[in-house]
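Report on one structure; see the data block that follows.
Computation of the quantities below employed the complete heavy-atom set of this structure, encompassing side-chain atoms and omitting hydrogens, waters and symmetry-equivalent molecules.
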Amino acid sequence: MVKSIENYNPKLGNVEIVPEVISIIASIATSEVKGVHGMFSDLKNSTLERLGRKNLSKGVKVETVNNELVINVYCSLNYGTKISDTALKIQESIHSAIKTMTALTPKQINVHISHIEMGSPKS
């Protein structure tokens, strides 16, 4: 678990955030980036999973090292999407969402592009 230390008040107690909560926030932030087609559970599992309520935390792995966040995102992009720009937008979106919602700052956000969807993008 990661402890939120910003605005910490010892009289009120501790705030601890389970990594799955951070994973869901990162997954939603990723899905909002234009050009993202879907997410993978990880590189070993090549089954693409569309984002939905049942699998919101799929495609994102959160690790805590010395109370710092390291986030790995595994996703698929639509054909014709500029990979470097989209990966940067994914990183910025996740960073902003986590910082806003939890007051935590991720140490690393690693984006793994595992697939390019060759069909026409769905709007």
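Minimum interatomic distance between Ala29 and Ala97 (heavy atoms only, all atoms of both residues): CB-CB, 3.9 Å. Listed here is the closest heavy atom pair of Val60 and Ala26: CG1-CB, 3.9 Å. In plain terms, the two heavy atoms of Asn72 and His112 that are nearest each other are OD1-NE2, 3.0 Å. Here the closest non-hydrogen pair linking Ile28 and Ser31 is O-OG, 2.7 Å.
Hydrophobic clustering (side-chain heavy atoms under 4.5 Å, transitive across Ile, Leu, Val, Met, Phe, Trp, Tyr) groups Ile83 together with Met118. Cluster annotation: Val70 and Val21 are assigned to distinct hydrophobic clusters (Ile/Leu/Val/Met/Phe/Trp/Tyr, side-chain heavy-atom contacts under 4.5 Å, transitive). Side-chain heavy atoms closer than 4.5 Å link hydrophobic residues (I, L, V, M, F, W, Y) into clusters, and following such links, even through other members, never connects Tyr74 to Leu88.
Between the CD1 atom in Ile90 and the CG atom in Asn110 there is a gap of 12.0 Å [rounded to 0.5 Å]. Here the OG atom belonging to Ser23 is positioned 12.0 Å from the CD atom belonging to Glu63, to the nearest 0.5 angstrom. Separation of atoms CG (Asn78) and OG1 (Thr86) is listed at 9.0 Å; rounding is to 0.5 Å. Distance check, rounded to the nearest 0.5 Å: CD1 of Ile71 to NE2 of His95 gives 9.0 Å. Remark: Ser93 OG to Lys34 NZ distance equals 15.0 Å, nearest 0.5 Å. From Thr81, atom OG1 reaches atom CD of Glu117 across 10.5 Å, with rounding to the nearest 0.5 Å.
Leu104 is listed as a side-chain neighbour of Ile22, based on a closest heavy-atom distance under 4.5 Å. Contact annotation: the side chain of Thr64 approaches that of Leu69 to within less than 4.5 Å [non-hydrogen atoms, C-beta and beyond]. You'll find the side chain of Ile113 stays beyond 4.5 Å of the side chain of Ser76, heavy atoms only.
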Item checked: Step-by-step side-chain contact (heavy atoms from CB on, under 4.5 Å) determination, Val111 to Thr30 -> CA-CA 10 Å; Val111 179; Thr30 300; over 6 Å; no
Item checked: Check against side-chain contact (heavy atoms from CB on, under 4.5 Å), Val36 and Leu77 -> CA-CA 5 Å; Val36 174; Leu77 301 182; 4.0 Å; yes
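Considering only residues two or more places apart in sequence or on other chains, Ser96 meets the side-chain contact (heavy atoms from CB on, under 4.5 Å) condition with Thr100. Asp85 meets the side-chain contact (heavy atoms from CB on, under 4.5 Å) test with Lys82; sequence neighbours excluded.
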